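Start at 1 and go down the list; that is how both ligands and their atoms are numbered. Since this is a predicted model, take the numbers as computed values, not measurements.
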Amino acid sequence: MAQAQNQELTERFIQFYRNYYRDAIGQLAQKYPNEQRSLYVDYDDLYTFDPDLAEDYLSQPDQLREYAEEALRLYDLPADVSLGQAHVRLRNIPDSIDIRGIRVHDNHVGKLVSVQGIVRKATDVRPKITEAAFECQRCGTMTYIPQADGSFQEPHECQGCERQGPFRVNFDQSEFIDSQKLRIQESPEGLRGGETPQSIDVNIEDDITGRVTAGDHVTVTGVLHIEQMKQGNEKSPIFDLYMDGVSITIEDEEFEDMDITEEDKREIIELSNHPDIYEEMVASVAPSIYGYDKEKLAMILQLFSGVTKHLPDGSRIRGDLHMLLIGDPGTGKSQMLSYIQNIAPRSVYTSGKGSSSAGLTAAAVRDDFGDGQQWSLEAGALVLADKGIAAVDELDKMRPEDRSAMHEGLEQQKISVSKAGINATLKSRCSLLGAANPKYGRFDQYEPIGEQIDLEPALISRFDLIFTVTDQPDPDHDSRLADHILRTNYAGELHTQRTRMPRSNFTAEEVDAVTEEVAPEIEPDLLRKYIAYAKRNVFPTMTPEAKQTISDFYVDLRAKGADEDAPVPVTARKLEALVRLSEASARVRLSDTVEQEDAERAVDLARSCLQDIGVDPETGQFDADVVETGQSKTQRDRIKNLKQLIAEIEDEYEEGAPVDEVLERAGEIGLDRSKAEGEIEKLRRKGEVYEPRQNHLRTT
Ligand code: ADP
Ligand code: MG
């Protein structure tokens, strides 16, 4: 009876292949086994052929797959071809499930399911033994033991002499298959309000291994299994979920989860025509944080981003904007950064210290993710945020490994990993929104920014905009800030009281009125859609007026610094930043052209940032060197002079230049004592002067 049913099922599949997959199988037969080892079956085809069969395939995938593969072997092929080990891989099954939604009582276990996500981690592809040949060292007989997942099975006794070995595994006679393990994590756009992304591990074998890499967005179809966890050697009552992958499809990285309806579209276009759309946008970013209108505008522009340009020579200019907030503690930086998650269609929020072994960029790591201590490639924040925003708090605390990889990540927008045989280039086409504290905790207004942050100048220069946030008492500002914070908190109190205490004296209307005042102007949900819509559909180009505005600003700034031997004020990097900012500004209006007003908006932002940081604190001149090398020209001159001075003085004394004398003469050339002491210390640290004996200096 069972026999007959099996045969019937196999026959059904053969019939199905004849109707739908004649050509595909012909092709497979030609390429088997070297170039192709799988027949891909589309679920819809199977469903059209026989809905019951298709549904059975979902609920009993392991059994049905055997019949499907048996049918493939029995299929009428040219005499010289056999598809002995060919796989049947079903794909495009209906309804993918959420990784976080996988539950035992939903009866997903043992079923064919599909999940969408991003490859967080991937092991190297390694051979896995599927059947081990044990050669008896006494009589030479082979004992074959099929190997399943889990531990390595050895024979109890030799099939020849029936003794307990010893055995040696004969590799030539054993069978191996390529295997790989992947960790699929929920896509960043599926997450709301700082949820921790969940993941599921997937085992894959043979021809589908080595096809995807960390950072790829994929749909994985596979059979869901449970596996008992262990605590040391004890079995635990808790089980873990994993999948045996049947097929993997790489998805287009656009915002796949973002459904924009016709109704949304109408609303977006209507909004884009508001004359005060920029103010409305600004009022929709972190409304609980008072002030920071420039920073918030910049964040909006960053969300919309400039246009990625592909040049005829094949090169590309990034459209993504990077920006950095450096400032005193307790000024709301972290709050602003984390708000990004509410409005960015795709974002990753993390701390520079990094919560995973991959850190901010990517890494080859060796841990117990694979079987044994296997190398795997793991994607960090900048890769996971590909085509979105990476909000990185405490950027100054990032790990040394990340620093060098960051340069490439930010400018070339890819990250290369080359270690332990793993050579990979991962995409990181994201915008970085960073926050950092000054080196010594708080800002010293009189020292150049470059010296006060723990990021190297080359990295700093990758940022399109750098905002400095200082926290200085100012009665006017402070009282408005206090007002704002108290009002926000009060709204929160009212809301909480109304929901938690049934006999609250406040009416719903009162709560609404107060809430209204502190609510974002545009609902976060709509704003996300707005941004996704603009990034998908709007690719503006510059008008002559816009070009002129940017060019004027740039030339003017350069000219300001060009007199005498003044420092170069701004480099061409700024020019590209201005273009990106203007394009983003046009996108906010859904405009296909970048108008003068957009260029002016960009110039305004750039100017205010430059004033905050690019200015040589001692001359008031714009000085790109401060930003890009971390030292202003005045300061470099001063250090040069001081070194010269030490050299002069040391000629006059046998045992080196006495420090007191140096300090006194430095005073005469306009360096006060404490500055000069600081500079001497710096020269010493750099090895440009040393102390042959106490309180005496010599140049090197
Ligand atoms: P930072 O990351 O800059 O050290 P936080 O974001 O942790 O600061 O902010 C500290 C606290 O101060 C937060 O609760 C924040 O809401 C509040 N705060 C700071 N500045 C502002 C502001 N301008 N408006 C509203 N709240 C603020
Ligand atoms: Mg903080």
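Ranking protein heavy atoms by distance to atom 24 (N) of ligand 1, first place goes to Tyr290 N, 2.7 Å. Distance from atom 10 (C) of ligand 1 to its nearest protein heavy atom, with residue and atom name: Gly330 CA, 4.0 Å. For atom 8 (O) of ligand 1, the closest non-hydrogen atom of the protein is Gly332 N, 3.1 Å. With respect to atom 3 (O) of ligand 1, the closest heavy atom belonging to the protein is Lys333 NZ, 2.7 Å. For atom 14 (O) of ligand 1, the nearest non-hydrogen atom of the protein is Gln335 NE2, 4.1 Å. Remark: minimum distance from atom 7 (O) of ligand 1 to any protein heavy atom is reached at Ser334 CB, 4.0 Å. In terms of protein heavy-atom proximity, atom 22 (C) of ligand 1 is closest to Leu481 CD1, 3.2 Å.
Salt bridge Glu681/Arg684: present, at least one basic N to carboxylate O contact under 4.0 Å. Under 4.0 Å is where a charged nitrogen must lie from a carboxylate oxygen, and between Lys529 and Asp264 at least one such pair does. Salt-bridge formation is detected for the pair Glu597/Arg589: a Lys NZ or Arg NE/NH1/NH2 atom is positioned less than 4.0 Å from an Asp or Glu carboxylate oxygen. Salt-bridge formation is detected for the pair Asp598/Arg601: a Lys NZ or Arg NE/NH1/NH2 atom is positioned less than 4.0 Å from an Asp or Glu carboxylate oxygen.
The residue from Leu527, Ile389, Asp525 that alone fulfils the side-chain contact (heavy atoms from CB on, under 4.5 Å) condition with Ile343 is Leu527. The residue from Arg480, His477, His484 that alone fulfils the side chain to side chain donor-acceptor pair (under 3.5 Å) condition with Tyr290 is Arg480. None of Glu408, Glu576, Glu411 except one satisfies the salt bridge (charged side-chain N to carboxylate O under 4.0 Å, His left out) rule with Arg462; the exception is Glu411.
Within 4.0 Å of atom 27 (C) of ligand 1, at least one protein heavy atom is present. The nearest protein heavy atom to atom 17 (C) of ligand 1 is not closer than 4.0 Å.
Listed by atom number, the atoms of ligand 1 under 4.0 Å from Ile289 heavy atoms are 16 (O), 22 (C), 23 (N), 24 (N), 25 (C), 26 (N), 27 (C). Residue Tyr292 approaches ligand 1 through these ligand atoms, each under 4.0 Å from one of its heavy atoms: 23 (N). Residue Pro329 approaches ligand 1 through these ligand atoms, each under 4.0 Å from one of its heavy atoms: 4 (O).
Contact record, Gly319 with Thr308: N-OG1, 3.5 Å, taken as the closest heavy-atom pair. Across Val417 and Ala362, no two heavy atoms sit closer than the pair CG2-CB, 3.8 Å. Listed here is the closest heavy atom pair of Pro540 and Val594: CB-CG2, 3.9 Å.
Within the 4.5 Å cutoff, the side chain of Met323 has no heavy atoms near those of the Asp464 side chain.
Not one N or O on the side chain of Arg120 forms a donor-acceptor pair closer than 3.5 Å with the backbone of Ser199.
In Val469, neither the side chain nor the backbone holds a heavy atom less than 4.0 Å from any atom of ligand 1. Residue contacts with ligand 1 for Ile485 involve side-chain atoms from C-beta outward but no N, CA, C or O (heavy atoms, distance under 4.0 Å). Counting heavy atoms closer than 4.0 Å to ligand 1, residue Ser288 contributes backbone atoms (N, CA, C, O) but none from C-beta onward.
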(Q) Asp320 vs Gln413, test: side-chain hydrogen bond (donor to acceptor under 3.5 Å, both in side chains). Steps then yes/no. (A) CA-CA 9 Å; Asp320 295 300; Gln413 304 204 286; 2.9 Å; yes
Q) Which is it for Phe304 and Tyr530 under the ring-ring contact (aromatic ring centres under 6.0 Å, His included) test, yes or no, and what are the steps along the way? A) CA-CA 9 Å; Phe304 281 84; Tyr530 193 139; 5.7 Å; yes
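Here the Mg ion (ligand 2) has protein N, O or S atoms under 2.8 Å from it, and they come to 1.
Under the 4.0 angstrom criterion for non-hydrogen atoms, Gly291 is not in contact with ligand 1.
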